[in-house]
Amino acid sequence: MNRVGEFYEFQRVDASQNEVVYGVANVGEFLEARDLTRSFGGVQAVNSVSFSVAKGELRGLIGPNGAGKSTLFHLISGHYYPDRGSLVFDGHRIENMSPAARAKLGISITFQAVHLFDGMTVLENVMVGGHSWTKHEWLEASFRLPRCRREEQGIREKAMWALAMVGIERYKYHLAKSLPLGMQRALQIARALCSMPKLLLLDEPASGLRGDERRELLSLMEKLHENALTMILIEHDVDFVTKIASRISVLDQGQVIAEGTPDEIREDPMVISAYLGTAISHEVN
Ligand code: ADP
Ligand code: MG
């Protein structure tokens, strides 16, 4: 479905049939960063990063600890603002937009640490992802006006669709905290999907997972990719990311030091010396 030069855009979700229908959209760059820079005190966490991601692409983002990967994600999601540089998403200049405004445009992030509402069910946790209320809408909601009840029903349907998508719908009435880590990660992804994203940023979703859980996550990502959702995946395990990403960007000390196909990345001398080392390059062979 996802052929080179042909990109798809989300058009319609049919929650009752758990079916996402995509259609052919414009060809072109979907996300484009230019000279993106952010420092904390004396630390240049992200230093003049330029890169672009095409619609429907699944991009891998790797690099050693402290390379600036999570900071780059937060610059894209709006949780951090850049010191300088520009960011264009789906035709909009977004670098000064709030996280909520970017979420409305279709950017969604799953954080490195699992953040769940322990006292809430799996379904309720996912439904949180569907809300991007203004204060005014929140007031209406607290009086349960008809428009809000309809909206709530719509969010519930999207949440059910998202849970089916990640394969944990049978646990919808369980408490979120009762799930094993692999399913909590799936729940995080379902919550992100509930906002109907066009770009999903996944910050180390596989970390700490067992072998079978990693395989399930891999097949979930393949499924989302087949549905032409644009994704960027931060992952520490190079083996995992090379299995799934068609292109990989390598970050080191806040800068993009390499970008290419998994094969090109494995063979890049800069990458080997900065990150992979002999031990890891064995692992990916
Ligand atoms: P990675 O995700 O690649 O491990 P990070 O983006 O988390 O790297 O961090 C990059 C650098 O920026 C690190 O040196 C980190 O300590 C620093 N950093 C990140 N966020 C903050 C922050 N909120 N305050 C101060 N320093 C930060
Ligand atoms: Mg990180």
Side-chain angles (χ1 to χ4, degrees), residues 31 33-53 58-87 89 94-100 102 107-116 181-182 184-185 188-189 191-192 197 199-209 213-214 217 221 231-242 244-245 247-260 262 265-266 268 270-277 279-281 283-284:
L31 177 73
R34 288 260 165 269
D35 193 29
L36 219 50
T37 298
R38 172 67 200 241
S39 57
F40 297 103
V43 180
Q44 287 271 23
V46 170
N47 187 3
S48 194
V49 164
S50 298
F51 77 108
S52 55
V53 175
L58 199 181
R59 171 69 57 91
L61 180 60
I62 63 172
N65 266 332
K69 305 180 297 296
S70 295
T71 303
L72 182 57
F73 264 19
H74 290 132
L75 290 173
I76 299 171
S77 67
H79 294 92
Y80 293 157
Y81 293 96
D83 299 329
R84 63 162 205 267
S86 67
L87 204 50
F89 171 68
I94 61 162
E95 71 271 8
N96 294 317
M97 284 186 182
S98 68
R102 296 187 210 197
I107 298 178
S108 191
I109 181 167
T110 69
F111 296 105
Q112 205 168 336
V114 179
H115 295 287
L116 296 175
L181 184 63
Q184 291 192 4
R185 288 270 162 72
Q188 273 187 299
I189 294 174
R191 182 196 283 163
L199 170 67
L200 179 57
L201 308 170
L202 297 152
D203 196 344
E204 299 199 30
S207 82
L209 298 190
E213 294 174 322
R214 295 173 88 81
L217 178 65
M221 294 202 59
M231 288 179 275
I232 310 179
L233 167 70
I234 296 179
E235 181 44 56
H236 215 71
D237 179 351
V238 182
D239 199 19
F240 186 92
V241 80
T242 53
I244 188 163
R247 287 186 79 73
I248 296 173
S249 302
V250 186
L251 214 57
D252 186 33
Q253 298 183 23
Q255 295 187 302
V256 177
I257 60 160
E259 194 188 301
I265 292 304
R266 278 187 206 127
D268 190 307
M270 287 260 283
V271 178
I272 292 168
S273 70
Y275 177 50
L276 299 177
I280 301 182
S281 65
E283 194 186 309
V284 296

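The structure displayed is predicted, hence computed values, not measured ones. When a ligand or atom number is given, it counts from 1 through the structure's own listing order.
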Can you tell me how far the CD atom of Gln44 sits from the CZ atom of Arg38, to the nearest 0.5 Å? 11.0 Å

Would you find a donor on one side and an acceptor on the other, under 3.5 Å apart, between the side chain of [X] and the backbone of [Y]?
X	Y	result
Asp83	Ser39	yes
Arg185	Pro205	yes
Thr37	Ser48	yes
Glu213	Gly182	yes

Side-chain H-bond candidate by donor/acceptor type, Ser70 with Asp203, under 3.5 Å: yes

Closest heavy-atom pair and its distance - Gly208, Leu181: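 Nearest heavy atoms, Gly208 then Leu181: O-CD2, 3.6 Å.
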
side-chain contact (heavy atoms from CB on, under 4.5 Å) test vs Val53 passes for just one of Met231, Arg247, Arg59, namely Arg59

Can you list the protein N, O or S atoms less than 2.8 Å from the Mg ion (ligand 2)? Ser70 OG, Gln112 OE1

With a 4.5 Å heavy-atom cut-off, do Ser108 and Leu201 have their side chains touching? no

May I have a table of the N/O to N/O pairs between ligand 1 and the protein that fall below 3.5 Å, each row giving the two atom names and the distance to 0.1 Å?
from	atom 1	to	atom 2	distance (Å)
ligand 1	2 (O)	Ser70	N	3.0
ligand 1	2 (O)	Ser70	OG	3.0
ligand 1	3 (O)	Ala67	N	3.1
ligand 1	3 (O)	Gly68	N	3.0
ligand 1	3 (O)	Lys69	N	2.9
ligand 1	3 (O)	Lys69	NZ	2.8
ligand 1	4 (O)	Gly66	N	2.8
ligand 1	6 (O)	Thr71	N	2.9
ligand 1	6 (O)	Thr71	OG1	2.6
ligand 1	8 (O)	Gly68	N	3.2
ligand 1	23 (N)	Tyr80	OH	3.1

